[in-house]
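Worksheet: the structure to be examined is printed underneath.
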Amino acid sequence: MRQNRLIPSLLAAALLVSPLFAELAVDPIYQSQMVLQRGVRVPISGTSTSAEAVTVSFAGQKVTAKVKGKKWEAVLAPMEASAENRTLTITQGKQQVTLENVVVGEVWIASGQSNMLWRLDQTRDRQSLEHAEIPSFRFYHAEPQVHTGPSVYNDEQRRRLKAGEMFQGGWSVSNPKSCRRMSAVGWYFGKALQEKLNVPVGVVHVSLGGSEMLAWIPKSVLEKKYPKSLGKDWMHDKNIDPYWVRPRTLKNLGDDFSAPHPYQPGYLFENGIAPWLKFPVAGVIWYQGESDAALSISEHNRQLLTDLITGWRKAFKNPQMPFCMVQLPRIKDLTHERVYWPEFREVQSRVSRELPRVYCAVTLDLGTTNRDVHPPRKLEVGERLAALAASQVYGVQGLAYSGPVFARAEAASGSVALHFDFAEGLRTTNGAAPAGFELSADGKTYYPAEAELADGAVQLRCDKVAKPRFVRYAWSTFVEPNLVNADGLPTAPFAAEISGAAKR
């Protein structure tokens with residue numbers, strides 16, 4: 001009798017450890033309808049409570065992986081681009097996970113603050129929604145679960161922040177219904193890039209309104225370069241935007257600082273970008289800077305942007321990962337929050353010159369003519385990023401991807417001659433003289449200069465500056481630029497010293 005009583009207990013214990021009850025799972029970033037990066041090894045990973053080997057099958061490949069510490073990872077060999085909807089299966093014993101409609105192509109990350117978060121259905125372009133059925137364009141839209149509105153966080157928001165449940169999303173094929181909440185810039189970029197490359201394109205979108213660079217920098221970088229930002233009083237750091245980031249953080253947290261905040265240094269990287277580090281991507285598009293531009297410390301911002309880019313590259317184990325950023329546009333807001341936008345534009349331009357495979361899309365002409373920090377013309381922004389990526393990353397020929405870029409300034413007989421690259425067909429949009437140029441003798445006080453086009457260059461004169469040594473263009477928060485090339489793309493803002501200028 002005693003033995004009979006033990007048999008059910010032993011059977012129950014055996015069943016608990018049986019592979020039949022083991023749970024096989026794939027990491028959440030791997031889903032049906034996803035795009036896998038072509039031309040590189042592609043890890044597929046997940047978890048299991050069984051020690052039995054896991055097999056991943058896709059596109060004629062069958063790869064086996066061992067389970068170590070309940071985690072497994074199988075690596076697919078490099079694949080060519082294919083728009084064929086194929087099935088990816090993960091098998092362990094009698095268990096199987098099936099992912100449908102998987103294609104292979106080019107994958108990009110789209111990230112930043114509110115102008116990247118700005119949804120497609122918030123734009124005025126309804127025609128795109130009507131023609132959004134694009135089988136070879138897919139995206140993963142990570143919806144923020146906690147925003148930074150002007151209110152104190154409730155218990156559920158605090159719980160999500162503590163648990164790292166900041167973003168929730170999934171892979172979708174582009175269609176009129178699925179794309180409505182997708183990043184407008186990310187969607188326009190992906191659509192245009194897919195058309196130019198004629199291969200499947202996937203865009204992973206992770207962004208948050210108002211976020212500053214520190215929130216997107218890996219903690220490993222923060223620990224070495226910005227240790228004070230990791231302290232409990234991080235929001236009082238002098239390098240944190242005092243007009244938006246700091247007051248909004250204090251408002252959201254109220255009297256309880258037990259929960260982290262989305263703007264906390266490193267938080268958005270750890271919870272938004274880190275989950276994708278093993279998912280190979282071709283590059284990054286980045287639209288951010290409105291918060292950091294509130295500070296006049298240009299050298300600090302240059303270092304932050306440099307560390308963000310190099311930090312991401314190291315984290316993705318891709319030291320040459322392309323990084324295409326949107327240069328801040330114009331805004332008709334002369335308050336203290338926007339006064340240093342010209343300096344931040346120069347920071348972006350400088351970093352794109354200093355780091356390899358970093359590019360800057362000029363959008364000076366696409367900004368607002370009022371105080372709205374959200375320019376409505378997202379279509380042109382996305383298309384300029386796509387042209388930049390297609391030409392510079394993929395070598396597609398014949399694309400208009402740059403407006404005139406300052407090359408040199410030469411002093412000659414009472415005038416200054418400016419020469420530009422990408423200046424074929426140099427002209428003004430309104431037939432008037434080029435606007436927005438200034439000259440200075442000391443680099444501190446600038447005066448408006450008279451400008452005219454001559455032989456593909458711009459000639460400047462200013463009666464108030466007898467011996468000009470410095471020149472700058474579009475160096476204002478709000479400008480009305482009119483100098484473009486034959487493709488209608490705007491001249492990039494700049495500040496420079498004049499070659500051959502007489503010293504004072």
Side-chain angles (χ1 to χ4, degrees), residues 26-44 56-63 74-90 97-110 120 127-142 169-180 182-205 276 278-285 321-322 324 382-383 385-399:
V26 63
D27 289 338
I29 58 175
Y30 303 99
Q31 299 179 9
S32 294
Q33 307 183 119
M34 66 180 172
V35 182
L36 298 179
Q37 178 63 38
R38 65 172 170 176
V40 297
R41 289 158 55 88
V42 178
I44 306 293
V56 174
S57 302
F58 180 69
Q61 298 188 49
K62 183 175 288 188
V63 183
V75 181
L76 296 171
M79 297 168 283
E80 294 183 357
S82 173
E84 179 185 354
N85 286 317
R86 291 180 285 195
T87 300
L88 188 151
T89 59
I90 303 103
V97 177
T98 302
L99 306 182
E100 305 286 353
N101 301 331
V102 177
V103 297
V104 180
E106 294 294 316
V107 184
W108 284 70
I109 287 179
L120 188 59
Q127 187 175 3
S128 289
L129 287 171
E130 296 171 3
H131 298 86
E133 196 81 38
I134 311 171
S136 289
F137 174 36
R138 286 98 185 275
F139 49 82
Y140 185 108
H141 169 60
W171 282 98
S172 301
V173 175
S174 178
N175 61 55
K177 183 178 179 181
S178 68
C179 71
R180 300 184 71 86
M182 175 59 178
S183 158
V185 169
W187 190 85
Y188 287 125
F189 164 81
K191 176 179 180 291
L193 189 65
Q194 193 279 321
E195 292 171 350
K196 289 173 171 57
L197 301 182
N198 197 30
V199 300
V201 167
V203 174
V204 176
H205 168 238
W276 295 92
K278 289 186 178 181
F279 197 98
V281 299
V284 176
I285 59 171
M321 183 169 67
C324 301
E383 289 184 337
L385 285 168
L388 194 59
S391 61
Q392 299 302 288
V393 177
Y394 298 100
V396 178
Q397 300 297 308
L399 295 178

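Scope of the values below: all heavy atoms of this structure, side chains included, with no hydrogens, waters or symmetry mates.
Using cut-offs of 30° and 60° on the angle between ring planes, the pair F137 and W187 is tilted. The aromatic rings of Y30 and F279 sit tilted, their planes meeting at an angle between 30° and 60°. Note on ring orientation: taking the six-membered ring where Trp is involved, the planes of Y140 and W171 are perpendicular (angle over 60°, cut-offs 30° and 60°).
Side-chain contact check for E106 and Q37: at least one donor-acceptor pair (N or O, by modelled atom type) lies under 3.5 Å.
M321 approaches G283 most closely through the heavy-atom pair CG-CA, 3.9 Å. The minimum heavy-atom distance between M79 and A59, with the atom names listed, is SD-CB, 4.3 Å. For the residue pair A77 and Q61, the shortest heavy atom distance occurs at N-OE1, 2.8 Å. Shown here for A387 and L399, the closest heavy-atom pair between the two residues is O-CD1, 4.1 Å. Scanning both residues, V35 and G105, for their nearest heavy atoms gives CG1-N, 3.7 Å. Contact between V40 and P280 at its shortest, heavy atoms only, is CG2-CB, 3.6 Å.
In this structure, CD on Q392 lies 8.5 Å from SG on C324, to the nearest 0.5 angstrom. Between atom CG of residue L120 and atom CG of residue L129 there is a gap of 4.5 Å, rounded to the nearest 0.5 Å. Atom CZ of F139 is separated from atom OG of S178 by 3.5 Å, given to the nearest 0.5 angstrom. Atom CZ of F189 sits about 6.5 Å away from atom CG of L385, to the nearest 0.5 Å. Atoms CG and CD, on L88 and E100 in that order, are 10.0 Å from each other to the nearest 0.5 Å. Rounded to the nearest 0.5 angstrom, R180 CZ and S128 OG are separated by 12.0 Å.
Judged by distance alone, with hydrogens and angles left aside, the side-chain atoms of S82 form no donor-acceptor pair with the main-chain N or O of V104 at under 3.5 Å.
The side-chain heavy atoms of V203 and M182, taken from C-beta on, include a pair separated by under 4.5 Å. Looking at heavy atoms from C-beta onward, E133 lies in side-chain contact with P176 at the 4.5 angstrom threshold. With a 4.5 Å cut-off on side-chain heavy atoms, W276 and V281 do not count as touching. Residues P135 and P200 are not in side-chain contact: their nearest non-hydrogen atoms beyond the backbone lie 4.5 Å or more apart. In this structure the side chain of S57 reaches within 4.5 angstrom of the side chain of T89, judged on heavy atoms. For the pair P78/R41, a side-chain contact is recorded, criterion being any heavy-atom separation below 4.5 Å from C-beta on.
Heavy atoms of other residues, nucleotides or ligands lying less than 6.0 angstrom from CG of N175 number more than 12. The environment of NZ in K196 is crowded: more than 12 heavy-atom neighbours from other residues, nucleotides or ligands sit within 6.0 Å.
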W108 and L193: CA distance, side-chain angles, deciding distance, side chain to side chain contact (heavy atoms under 4.5 Å, CB included) verdict: CA-CA 10 Å; W108 284 70; L193 189 65; 3.7 Å; yes

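Applying the side-chain contact (heavy atoms from CB on, under 4.5 Å) test between V102 and each of Q31, M34, Q33 identifies M34 as the sole match.
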